[in-house]
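Since the structure is predicted, the reported quantities are computational estimates derived from the model, not experimental observations. To find a chain, count down the sequence lines: A is the first, B the second, and so on, and within it residues start at 1.
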Amino acid sequence: MDVLADLNPAQKEAVETINGPVLILAGPGSGKTRVITHRIAYLINVCGVSPRRILAVTFTNKAARAMESRLLQLAGESVGQTTLGTFHAICARFLRQDGRAIGVNPQFVIYDAADQLSLVKRTMQATGIDPKQYSPGAFVGAISNAKNQLLTPDDYERANRSYFEELVSRTYQLYQRMLVESDALDFDDLLMKAVALFRDHADVLAKYQSRYLYIMVDEFQDTNLAQYELVRLLGGEHKNVCVVGDPDQSIYSWRAADLRNILNFEHDYPDAKVVLLEQNYRSTKVILDAASNVISANQERKQKTLWTENEQGDAVRVIETYTEQEEAQFVVGEVERLVDSADASLGDCAVMYRTNAQSRVVEEAFIRYGTPYKLVAGTRFYERREVKDVVAYFRLIHNPQDSVSLRRVINVPGRGIGQQTLLKLAELAESLGISLSDALRLVAESRERPEAISHPFNQRTTRALADFWEMIDGFTTNARVLNLTELFDLVVEASGYRAQVLGDKDGEDRWENVLELRGVANDYQQLPPPEAMTAFLEKVALVSDSDAYDETVDRVTLITLHQAKGLEFPVVFIVGMEERLLPHVRSFDDPAQMEEERRLFYVGITRAQKRLYLVHSFRRTLMGTSAVNKPSRFIDDIPKHLVASPGWWRDGTDQVAEAVYSWNRTPVGTAADAIPETPKSGKPSPELRTGDRVAHIQFGEGIVVSCKDIRDDREVVVAFDGQGVKRLLMSFAHLEKVG
DNA sequence: CGAAAGGCTCTTTTT
DNA sequence: GAGCCTTTCG
C-alpha cells in the first residue's frame, strides 16, 4: 500500500518530513488524522523504523483506538508494538515500570475526579477550612492547576500570594501527604510524577529517549505545561517531535491546557518545519465560510485561511423555539423529516450542546417520538454509585492503604460502622502516625490479642470493624487464586452488596450496571490474577464513556460540544444557542474565556458536512428556574447571506408561528432586546384572567387556563378549541378578549 | 447507628 | 431539578 497516494502537497510534506521538529497546523476537516496515521505508516513501511520506536500520543482513548485500527490497515500487525495512548495512560505505564525511583509504589491506585474531590474535602476539614465557606471544587481546581504547572506543594507555598492561595497551599500539602499514604496518584500526578521521574533520573530518561526515536502528539493545542515538558524531555536528544494541532480548536484551558505550547512551538524549536493544512474536505462552502467568520472575531489567534473545493451547499438554518421542550421537538421533527425524504440517515445526524444537563430534554423528546439515538456519556458509567462502590472494593483488595476506597465501602452495605466510629478510627490512626487501614487492622487484631493496642471501641463496634477487616483480608487471599470474574462474584456476594442493591426498590437497574462492570472484569479473566487486577483497575480509572461511543450504529448522536471534537456528521444541530449557555455565563467577565467559548462554537460548526442548524429557545429552565434568554451573540458573527430566512417554530406543526423573528434586531448588550423588537405590540394588552375567552389570529378561540407575570411581560396559557394548549406571551400573541 | 425527610447549593466542558 | 448535606426521629 502506497502511504503517499492521495495526499495533497501539504499533507505529503507533513508525512515525509520525519527528522527534526515538525509543527502541523491543521484546520478542521483538513485530513489531520490521515496525516498522522500515514506518517506513522511511512516511518514503518518506507523508512524502516521499528514500530517499537514510535510514541504516539492522543487526547482520548478513543482516538488512540481509532488510530490503531487505521494503522493496522496501513502498516499491518507490527503496529501493535507502537506505544499509543493518552498522556495519562502512557505516564501510568512509565510509572508502574520505573516509578520506584522516585518513591512511587508500582501498585498505586489512580484517583479520579470524584476521589480527588472527596479527599480534598476531608483535607480541608482536617485543616480547619469550612467547606461551606470555600468551595472544595475551587480547591481541587487550584491544586490541579498547580500540578499541571508542575508546582509541588512546596513550590506552591513559596509562590502563593493571596489568602486564598495560602489556604489552598495548606490543603495541598496535606492532600499530597494523604495521597502518598494511600499509595494513590490522582490524574494530575500521573503527568507530574512522570516529569519528576525523568527530571531526577537521567538514566531512566535516557532509557526512554533511546527507545522512542519518533514522537507524535495529536491535539497539541490542548496540552498543558506538564505534558509539554514530558514531550520536551523525551524528545530532548533527537528532537524528532511532530506535533499536530489547531489553536482555533483549543477548548480545554480549564484543564490547564496552555495555548502557548502551540503558539510558541517555533520559538522553542527554532528549526521546526511548519506545515499548514488549510484545505477542508469536510464541509460545504457555506459552513466553512460561516465558521471562518465566527472564529475571525477572536483577537488572540494565528491567522489561517481555510478553503474547500466542496459544493456551496445549503444555508445555515437559525431557528427560535419557545421552550427547550419545543427546541428538542423541533430537532426530532426535523431529523424525521430528513430521514423520510431520504436526505439523511439517523446516523448522519448529531445534536450538540454546551452542557450535559441539556441532554435530558433532548433525550426525552427522542424517547417520546421513538426516534433511535445514542447518548454519549450522560451519567458516566464509571461514576455511578454502584459501579464506584464495587470498584472501591477491588481497589481496597488490590491496595489496602487506599483510604478513599476504605471509607467508601467500610459501611456499604451498613455494618454499624457509622461516622462516630470512623472519626475515632481516624483519630487513632493519627495519634499512632499510621494509616487508616493499618489502624483498622490493629483494631481487628486486638480481638485476638487485646494487649496489642488500646482503642476506644466497645465490643460490638470492635467486632464490626474486625469482621470487615477480615472480610477484606479474605478477599485479598482469594484474589491470588481466583480469576477476576470469580473474585467479582465472591465480593458482591460475601460483602452483602448484591443483596443490598437488589433490596432497593430501583435496585434492578443498578444491579444491571454492576453486571456490566462484571462484564468488564470478565475481559481480563484469562490474565494471571495480579495482572488482571491491575489492568482492570487501570481501565476503570482511565477509560471514559465517550470511549465506548460506537459510530457504526445508525442512530442520532447526542453529544456535548467538547466531546464532539474530532467527529464529523452530515447534519449537525447545535441547540441552546443562547447567551448564558453558549457563551456560558461563567465566561462573561473574562475575554480569554469568551474567546474559548467562541472556539467551542467553531468546533461545533466545523463538525457539520452538509447541513447546520442553530437552535435557540426563547425561554429555558436553567438550574430549576425558567428565564428568558437572548440569542447567542455568536450567531451575529455569521454573515446574513449564509443564513436561511429565520423563523419561529412551534408545536410540531412546522409552521412559522404568529410572531416573526427579527433577524435585524438591535445589537446585544441592552436588557430591552431580550425580547425582539419587531413583534412587540404597540397597544396595551387587554387584562386577562383565568376563564376568559380569547381569540387568536392563528389558533382561533380558546379559554385562558392560567396567567403569570414574567419580567415586564405576562405569560398566558390558553386551551384553544381543537388546537390544544398553547403558552403565549401577551406582548407577542395579539390576543383579543371575546364574549 | 440508620433511615427518612427537608434544605441547601449549584453545574461548563474531561483525562 | 438533582445531588449533597444536615437534621430529625426511631
Side-chain angles (χ1 to χ4, degrees), chain A residues 57-64 85-92 110-114 116-118 121 125 131-133 135-138 140-141 144 147-148 185-191 219 222-224 226-227 250-257 324 352-361 376-377 379-380 382-385 411-423 458 460-461 464 500 503-504 538-547 559-565 576 580-588 590 593 596-597 599-601 603-604 621-626:
Chain A
V57 190
T58 58
F59 192 67
T60 61
N61 295 293
K62 192 186 106 212
T86 62
F87 272 107
H88 292 85
I90 289 169
C91 288
I110 299 170
Y111 278 180
D112 68 14
Q116 207 174 348
L117 185 66
S118 102
K121 270 186 202 158
Q125 270 160 358
K132 260 172 275 171
Q133 202 174 352
S135 133
V140 170
S144 173
K147 291 186 172 187
N148 286 318
L185 301 185
D186 64 21
F187 280 143
D188 307 311
D189 280 340
L190 293 174
L191 307 173
E219 307 285 12
D222 288 323
T223 52
N224 58 39
Q227 293 164 329
S250 162
I251 53 176
Y252 285 94
S253 72
W254 49 275
R255 225 173 71 188
E324 68 265 37
M352 302 179 185
Y353 34 82
R354 176 66 235 263
T355 67
N356 271 310
Q358 290 170 257
S359 68
R360 210 194 77 253
V361 179
V376 184
T379 338
R380 289 181 252 290
Y382 290 110
E383 284 172 23
R384 288 173 194 275
R385 190 178 72 221
N411 201 31
V412 177
R415 308 185 169 90
I417 305 173
Q419 220 155 43
Q420 291 308 315
T421 306
L422 215 47
L423 207 65
N458 62 30
R460 173 204 281 234
T461 310
Q500 160 166 311
D504 249 38
E538 192 120 326
K539 159 135 188 154
V540 169
L542 293 178
V543 170
S544 70
D545 272 8
S546 57
D547 295 329
I559 195 169
T560 66
L561 287 163
H562 280 87
Q563 291 169 330
K565 190 169 71 162
R580 300 172 64 217
L581 217 43
L582 183 65
H584 196 271
V585 228
R586 303 258 294 224
S587 62
F588 278 12
D590 180 351
Q593 278 199 55
E596 181 147 318
E597 294 291 300
R599 290 195 292 269
L600 191 56
F601 180 42
V603 166
T621 303
L622 288 172
M623 267 187 265
T625 44
S626 172

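Here the options are A:Val603, A:Leu600, A:Thr355, the test is side-chain contact (heavy atoms from CB on, under 4.5 Å), and the partner is A:His562; only A:Leu600 passes.
Taking 4.0 angstrom as the limit, A:Thr60 places none of its side-chain polar atoms (N or O) nearer than this to OP1 or OP2 of B:dT14. Distances shorter than 4.0 Å separate none of the side-chain N or O atoms of A:Ser135 from OP1 or OP2 on B:dT9. For the OP1/OP2 pair of B:dC1 and a distance below 4.0 Å, the side-chain nitrogens and oxygens of A:Gln420 include no atom meeting the criterion. Considering only side-chain N and O atoms, A:Lys121 lies under 4.0 angstrom from the phosphate OP1 or OP2 of C:dC5. Contact between the side-chain N/O atoms of A:Asn356 and the OP1/OP2 oxygens of B:dT13 is found at a separation under 4.0 Å.
Distances were taken from every side-chain heavy atom of A:His562 (C-beta onward) to each of B:dC1, B:dC10, B:dT13; the shortest belongs to B:dT13.
The aromatic ring of A:Trp254 stacks onto the base of B:dT13, its centre lying under 5.5 Å from the centre of the six-membered base ring with the two planes under 30° apart.
Note on A:Asn411: only backbone sugar-phosphate atoms sit closer than 4.0 angstrom, heavy atoms only; bases stay farther off. Using a 4.0 Å heavy-atom cutoff across all strands shown, A:Ser587 reaches no nucleic acid atom at all. Across all strands, A:Gly416 comes closer than 4.0 Å only to sugar-phosphate atoms, never to a base (heavy-atom distances). Nucleic acid contact for A:Gln227: none, since no nucleic acid atom lies under 4.0 Å from a heavy atom of the residue. A:Arg460 comes within contact range of no nucleotide atom at all, as no heavy-atom separation falls under 4.0 Å. Within the nucleic acid shown, A:Glu596 has no heavy atom closer than 4.0 Å to any nucleic acid atom. In this structure, A:Phe87 reaches neither bases nor backbone, as no heavy-atom distance under 4.0 Å exists between it and the strands shown.
With a 4.5 Å cut-off on side-chain heavy atoms, A:Tyr252 and A:Lys565 count as touching.
For A:Asp186 and B:dT15, the CG to C1' distance is 11 Å, given to the nearest whole Å. One atom, OH of A:Tyr252, and another, P of B:dT14, lie 6 Å apart when rounded to the nearest Å.
Along DNA chain C, the nucleotide nearest to A:Arg360 and the one nearest to A:Gln419 differ in position, and the one closer to the 5' end is contacted by A:Arg360.
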